[in-house]
Amino acid sequence: MHPEKQKHTFEPKIIAFVCTWCTYAGADLAGTSRMQYPPNVRVLKFPCTGRIDPVFILKAFQQGADGVLVSGCHPGDCHYIAGNFHARRRFAVFRKLLEFVGVDLNRLQFSWVSAAEGGKWVEVVTDLTEKVRAMGPMTEFRELALEEQWSGAINTPELEEAYNQI
Amino acid sequence: MSRIGVFICHCGENISRTVDVERVAREVGLLPGVAFSTDYKYMCSDPGQNLLKKAIQEQKLSHVVVAACSPRMHERTFRKAVEAAGLNPFLCEMANIREHCSWVHENKEEATVKAVEIVGMMVERVKKNRVLPTITVPVTKRSLVIGGGIAGIQAALDIADAGHEVILVEREPSIGGHMAQLSETFPTLDCSQCIMTPKMVDVANHPKIRLYTYSEIELVEGYIGNFQVTIRKKARSVDEDKCTGCGVCMEKCPIRKIPNKFDCNLGMRPAIYVPFPQAVPNTPVIDRENCTKFKTGKCGLCQKVCGPGAVDYEQEDRLIVEPVGAIVVATGFDLYNITEKPKGSMIKGYGEFGHGKIPDVIDGMTFERLASASGPTGGKILRPSDGKEPKQIVFIQCIGSRAREKGISYCSKVCCMYTAKHTMLYHHKVHDGQAYVFFMDARTPGKAYDEFWRRSIEEEEAVYIRGMVSRLYQKGDKIVVMGSDIAVGVQVEIEADMVVLATAVQPQAGADALAQKLGISYDKYNFYSEAHAKLRPVECATAGIYLAGACQGPKDIPDTVSQASAAAAKVMTLFAKDKLEREPIVARVREAGCVGCFACKKVCAYGAVEEKEIRDRQGNLIKVVAYVNPGVCGGCGTCQATCPSKCVELDGYTDEQIVAMIEAL
Amino acid sequence: MTTPLNYSYYPGCSLHASAGEYDLSTRELFKALKIGLTEVPDWFCCGATPAHNVDELLSLSLCAKNLELAEQVEGDLAVACAACFSRLKTAQHVLGESPVKRKQVEKALDAPLHLDGNVKHLLDILARDLGLERLAAAVNKPLTGLKVACYYGCLLTRPTDVTNLDCVEAPTIMERVIESAGATTVAWTHRLECCGANFTLSRPGVVIQLANAILDSAKAAGADCIMVGCPLCHGNLDIRQKEIEGVYNVEYNLPVFYLTQLVGLAVGLGPDKLGLDAMIVNPMPLLKEKNLS
Amino acid sequence: MKKKKMIISRETMDVDFVRKVEALSGTSVRRCFQCGKCSAGCPMATFMEHPPNRVVRLLQLGQWQRVLAGRSIWYCASCETCSTRCPNKVHLASIMDALRKLSWDLDGPSKESYVQLANKIFLDNIRIYGRQYEMRLAAVFNVKSGQFLKDMMLGPKLLSKGKLKMFHSKNKNMPEIEKIFARIEEMRRKGEAL
Ligand SMILES: Cc1cc2nc3c(=O)[nH]c(=O)nc-3n(C[C@H](O)[C@H](O)[C@H](O)COP(=O)(O)OP(=O)(O)OC[C@H]3O[C@@H](n4cnc5c(N)ncnc54)[C@H](O)[C@@H]3O)c2cc1C
Ligand SMILES: Cc1cc2nc3c(=O)[nH]c(=O)nc-3n(C[C@H](O)[C@H](O)[C@H](O)COP(=O)(O)OP(=O)(O)OC[C@H]3O[C@@H](n4cnc5c(N)ncnc54)[C@H](O)[C@@H]3O)c2cc1C
Ligand code: SF4
Ligand code: SF4
Ligand code: SF4
Ligand code: SF4
Ligand code: SF4
Ligand code: SF4
Ligand code: SF4
Ligand code: SF4
């Protein structure tokens, strides 16, 4: 619902990591239905949320994202049987880790958007954009020197434990 | 240095209305690595595709980005075009500036900026794209069917009729499964044997079907199109080629009092036996546990009387290896047994029903045998304890099923209908008898099903009582049934002569062990899991393995046969090709880095990760690493996100590609 | 040598009153079997059915307090009354499962809870701790020829997964114990049915109806007598038996023994040590007939 | 008995009450799928106007007044047959406990006063003496219920068999018991317990 376009001083950057089968298709549906939402989101397509390495989220924040959205199929609907289930477990631990490094968890949103939920996609993106806009730009993290060798670099006990749990 | 070509589509006006496509082309053209950029009215049209092909050749492009609609629309189209121009199709990516941009924004400035960024991201990504070979695997056009019930029989006949060889493996001495035990079948009440036995004979006579009865699956290796299956053919002690099926041995065998499992232990059989007269094959088997020869070394009568000399006490188990391209699993079901609690199972017993130790409390399948014309009583309904005809018979539904407390929460789907059938059969056979049914709901969705149930009440005058039974006990030669009628709100007591419990449908014993051999998944009850409940209900997640019948969930015959034919059709679809081609979006392990933790193996739902031994030249084992079988991998990438040492990579979605996109922000 | 068996003992209110013979025979039997029994000092009522009926928190608190008192005496807690047994076990179970209720009870007691002690019914002690073999070895006057209907009632084995005495629906522990003492048991239909104990005061009519069905079933199965492990069952079947016979115009004449009385007979204890004279339905003619007295 | 029509709406379904029942009993009311097995085996069902399954059904509909107005809950013998055999793990005996407790708190809209009275005397006994004295229990019940003659036949017989004690012994833990009662009352006053 944006009848009157408002002028904002701050336009947050939102990155969305989505799976092909559900959320990407849901976003497509929002398009074919000509729904409207703020243009702040950039979509990265993955075969499955199971492919999404938490490190990408860190990377996105480091690259200047002010908010990150991770979205896939509803539980039980995974195109790849159980990928989203593994992803869910992984992210549960990852959230703790993010909190530990000082990221405000309000900047990171997980959701389920199915291929039929164009409206939900719009809602989720709009809400996150507004939420992050209110929070202002994400600066803390940009300065935080992540190791250049990003892959597998964060092998914290928490992650270790998560891997073992899977 | 890459030479990337970028093609911006107007989509008529769908994109260009809100996105300044020319500006996008201009700005993107300035990105490092972009050698060519242009815009065009309809990229997917023939002229559009030709423009693309011509540019690739003339500009010597190394990579292509088409900024247009969703890749879900036209990725295939453009990849084909790219391939036609001589480039590897996986060097082409699409940037979605329609569904994700022009259609969802109104402000032209904002939309254009966003479009530039989207295209920019894809440009960075495509730079990291690698040439991916199309994966092809050969297909062995023979199939294995496990389980010779109606599901296995139907699937085998369908596949064989299409001209492909079928190997049918059945654990029991004869095929037929549970349907061969049934008397008459709902909803039409036709005689089960009459419609079943011709199909069994067809199997035996089909030139394309090789039947292994009294056999089990020992080992399954390989993957779709290329399985190697080892079958254990248990020693029958009778040479199938020599035996004529004359039956003299069975007549002469002095051991006669072994309860016949096929007749639910109501009838007796000798130590050398066929489970039932219409058995296929009609070759007896010696039950070594009960045969005097095997127990004491004496007897040997059957060998003496056998004209063709078929009896062979020395026969041993044989292992046979068969290459097949597809597998249909059709191992069926068994009934919840209230008399004994299976070891280690979550099932609780029914002490309140006497743990099934009251002789005239039987299960539904036992009733089928009593009602069957070829059964132990010749089709007369007689109670097991004293052979008297029961004048008051009580049926109780949902025993074991829908009883979380007892361990099973699902509905067994067939018992409402077969109980209705049982009341009819009973009333047809015992004219002065009365049937009562205790039930919670009648679940009768299906063509002509509810009418069938209503008939049992309205025409056959079965008395249905909505409410369950708390306890059964023997009183003299009666069984006291303590029930309730919740509609009236009173307790009901019936002194019955016989009680039939509709016990739950469960997977066959050993279903989990077989699943582990096959590498397919199963639920907590051991029913096999289909790949998708609605859209891929006959396929396993493991490619090349299909499901048919009650092994996947409780089913009646029409559902079983439909699924069996569907599984057969899936097999034939697979066999319609000589080679399998698939998207090369599969995971690959960098062996050098792999530490062999097999975290990847644990998360892979497709069972695609195998263990591979790395040896030096002398053949000493250096380490065990993961290997992803490209024929099996579904391409989800879960392994990659899981691998702690980051050495398994999903082609098409490598870390490099993704990070390139993130960095392009 | 096996280690000596010693228990703390919770008789429950009835054993100090209407079921005095159960108390007496329990003490004498245990003495004869060389099992130590020390009464929990100043125990109090577990609340029985009326407490949990209307006030679970009170019921749990009373039981928890008694369990705490029992800690003062060494050994597992031996309980004679099926109702007390069921209450104490249920309290242990509920407080173990529900942290909320546990907190409330701790507050009510103003003390931390002691829930680890084992609570055992006498049957359990005889059948498992002592063991049927040792029990059989102690028998010197086997109850040969005595046909016993073992009555469990509702509370010995229930609720499921709580008392863990035996299979809820098809228990055999009473039968096994008394068969070890040489008696014969009968198979009968009402051994698990409720006698309505809770209503003995307020709605005796109900009790009479339920108890009649039980007596009828035992008689029909050919029993000479009934054996119980609960003073409440005993009250309804023994004390009310004459009344029931009057109401239904039948004759049962079924002596109702406590399990400790019958086992006591078998190990050679005299009627005076078993309180047989306190039984309303006189058992002596039966015992004479079977040459057991 | 005349039956009132049941008007069902968000307003007439008292979910709060049902939640209390669930909290007290630790069992879910919604789980019940009305198979009736509880009622089939309940020894007291013939004395109840709402058999056990219907008690749960009325709770599912939030119609607790109908349950409490009847005597069903007071006729439950706490025998646990229903809980033991329910195929769906509904602990009905505990629901009955909870209902009695809540009815007791509401000061009995119930018709069944005898059972309530007996319970009350029983609990008073504990508070005053620490243990049950059957003699007192019976005597007080008979006086309060006005049923002087009931069970008169039993009395003398029991006395002669030494089964009725006239006197009670001293219990050292009496102050402690009083404290437990008092603390529970206190907790309830403060809303720390139901
Ligand atoms: C009492 C009763 C009455 C019924 N009445 C009707 C009716 O009237 N109408 C109707 O439509 N449906 C009825 N049904 C349902 C019907 O029986 C099933 O739908 C049907 O039998 C399912 O067939 P299936 O081939 O899947 O399984 P099954 O008949 O169980 O066949 C499975 C076969 O696989 C074999 N097998 C198992 N494990 C292995 C292994 N590891 N290796 C090799 N072989 C193995 C078994 O030996 C068996 O031969 C009834 C069911 C019951 C219980
Ligand atoms: C309210 C409702 C909810 C449901 N929810 C679920 C659910 O949650 N899950 C589930 O599994 N199932 C659900 N179902 C069932 C599901 O909708 C059906 O199983 C499924 O749609 C059947 O698919 P179909 O292709 O057979 O028929 P249809 O979907 O009806 O398709 C038939 C097609 O044929 C076309 N057609 C008809 N006649 C002709 C003709 N003469 N020539 C050419 N074309 C023709 C029609 O236009 C139509 O496109 C639901 C059904 C209903 C009514
Ligand atoms: S084994 Fe021999 S005797 Fe037996 S059926 Fe075959 S041919 Fe006949
Ligand atoms: S050898 Fe065995 S099977 Fe053959 S007749 Fe003798 S007992 Fe029967
Ligand atoms: S089919 Fe009917 S009898 Fe069988 S489990 Fe389902 S509801 Fe119960
Ligand atoms: S007709 Fe439909 S709604 Fe009714 S029972 Fe059958 S499936 Fe359910
Ligand atoms: S998770 Fe990585 S390191 Fe572990 S086995 Fe798999 S590929 Fe090798
Ligand atoms: S990509 Fe998915 S299917 Fe392929 S090996 Fe990895 S986890 Fe298994
Ligand atoms: S037995 Fe359980 S599920 Fe069945 S009606 Fe009673 S409470 Fe409900
Ligand atoms: S506990 Fe109460 S409701 Fe349940 S069966 Fe016993 S008397 Fe009936």
Side-chain angles (χ1 to χ4, degrees), chain B residues 336 338 346-355 394 396-412 416 436-443 464-473 480-494 496 499 501-504, chain D residues 1-3 6 25-61 63 66-67 69-73 75-77 79-96:
Chain B
Y336 175 99
I338 76 158
M346 49 188 168
I347 306 288
K348 275 195 193 161
Y350 270 93
E352 64 269 42
F353 296 165
H355 279 303
V394 167
I396 311 175
Q397 294 190 177
C398 297
I399 298 302
S401 323
R402 307 178 66 199
R404 274 189 270 193
E405 172 64 15
K406 303 285 183 187
I408 292 179
S409 56
Y410 58 81
C411 163
S412 289
C416 278
Y436 306 88
V437 182
F438 284 92
F439 78 119
M440 311 192 225
D441 312 280
R443 303 198 161 171
Y464 269 69
I465 301 162
R466 197 182 294 269
M468 281 306 271
V469 169
S470 176
R471 211 183 136 210
L472 296 175
Y473 60 86
V480 179
V481 180
M482 291 169 56
S484 74
D485 183 321
I486 67 161
V488 185
V490 296
Q491 290 182 325
V492 177
E493 197 168 286
I494 297 176
V499 174
L501 304 178
T503 51
Chain D
M1 193 177 60
K2 216 173 78 190
K3 283 187 189 158
M6 191 152 66
S25 64
T27 190
S28 155
V29 166
R30 277 182 218 293
R31 255 195 148 165
C32 166
F33 52 27
Q34 289 296 306
C35 70
K37 195 172 180 183
C38 46
S39 303
C42 172
M44 303 299 294
T46 46
F47 302 100
M48 301 172 172
E49 69 273 73
H50 298 306
N53 74 289
R54 208 188 282 160
V55 168
V56 190
R57 181 68 194 134
L58 285 167
L59 288 179
Q60 289 178 334
L61 297 172
Q63 305 294 311
R66 284 181 189 251
V67 179
R71 59 169 66 124
S72 295
I73 55 172
Y75 267 111
C76 158
C79 70
E80 307 265 356
T81 309
C82 48
S83 304
T84 304
R85 295 193 184 140
C86 171
N88 225 1
K89 290 191 187 170
V90 177
H91 208 297
L92 187 39
S94 301
I95 292 179
M96 290 290 200

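Proteins come first, then strands; the chains are lettered A, B, ... in the order of their sequence lines, and each starts at number 1.
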Closest heavy-atom pair, D/Ala40 versus B/Gly483, reported as atoms and distance to 0.1 Å, is CB-C, 3.3 Å
Taking all heavy atoms of B/Gly489 and all of D/Pro51, pick out the closest pair and write down the distance.
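Closest heavy-atom pair between B/Gly489 and D/Pro51: O-CG, 3.6 Å.
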Give, for atom [atom1] of [X] and atom [atom2] of [Y], the distance between the pair rounded to the nearest 0.5 Å.
| X | Y | atom1 | atom2 | result |
| --- | --- | --- | --- | --- |
| D/Cys86 | B/Met468 | SG | CE | 10.5 Å |
| D/Phe33 | B/Met440 | CZ | CE | 3.5 Å |
| D/Arg54 | B/Ile486 | CZ | CD1 | 9.0 Å |
| D/Thr84 | B/Glu405 | OG1 | CD | 8.5 Å |

Chain B interface, residue from D/Cys42, D/Cys82, D/Cys38 that has the most non-hydrogen pairs under 4.5 Å:
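So the answer, after comparing D/Cys42, D/Cys82, D/Cys38, is D/Cys42.
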Can you confirm whether D/Arg31 sits close enough to B/Arg404 that some side-chain heavy atom of one is under 4.5 Å from a side-chain heavy atom of the other?
yes
Side-chain heavy atoms of B/Gln491 within contact of D/Thr46, under 4.5 Å
yes
By a 4.5 Å heavy-atom criterion (distance strictly below it), what part of D/Asn53 contacts chain B: side chain, backbone, both, or neither?
side chain
Excluding sequence neighbours, so at least two apart, what forms side-chain contact (heavy atoms from CB on, under 4.5 Å) with D/His91?
C/Pro159, D/Thr27, D/Glu80, D/Ser83, D/Ala93, D/Ser94
Apply side-chain contact (heavy atoms from CB on, under 4.5 Å) to B/Arg471 and list each qualifying residue two or more places apart in sequence or on a separate chain.
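Checked B/Arg471 against side-chain contact (heavy atoms from CB on, under 4.5 Å); matches are B/Glu352, B/Tyr473, B/Met482, C/Thr189, C/Glu193, D/Arg85.
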Looking only at atom types and distance, does a side-chain atom of B/Ser484 sit under 3.5 Å from a main-chain N or O of D/Gly36, one as donor and one as acceptor?
yes
Do D/Lys37 and B/Tyr350 form a cation-pi contact, if we require the NZ or CZ to be under 6.0 Å from the six-membered ring centre and within 45 degrees of the ring's axis?
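That pair does not qualify as a cation-pi contact.
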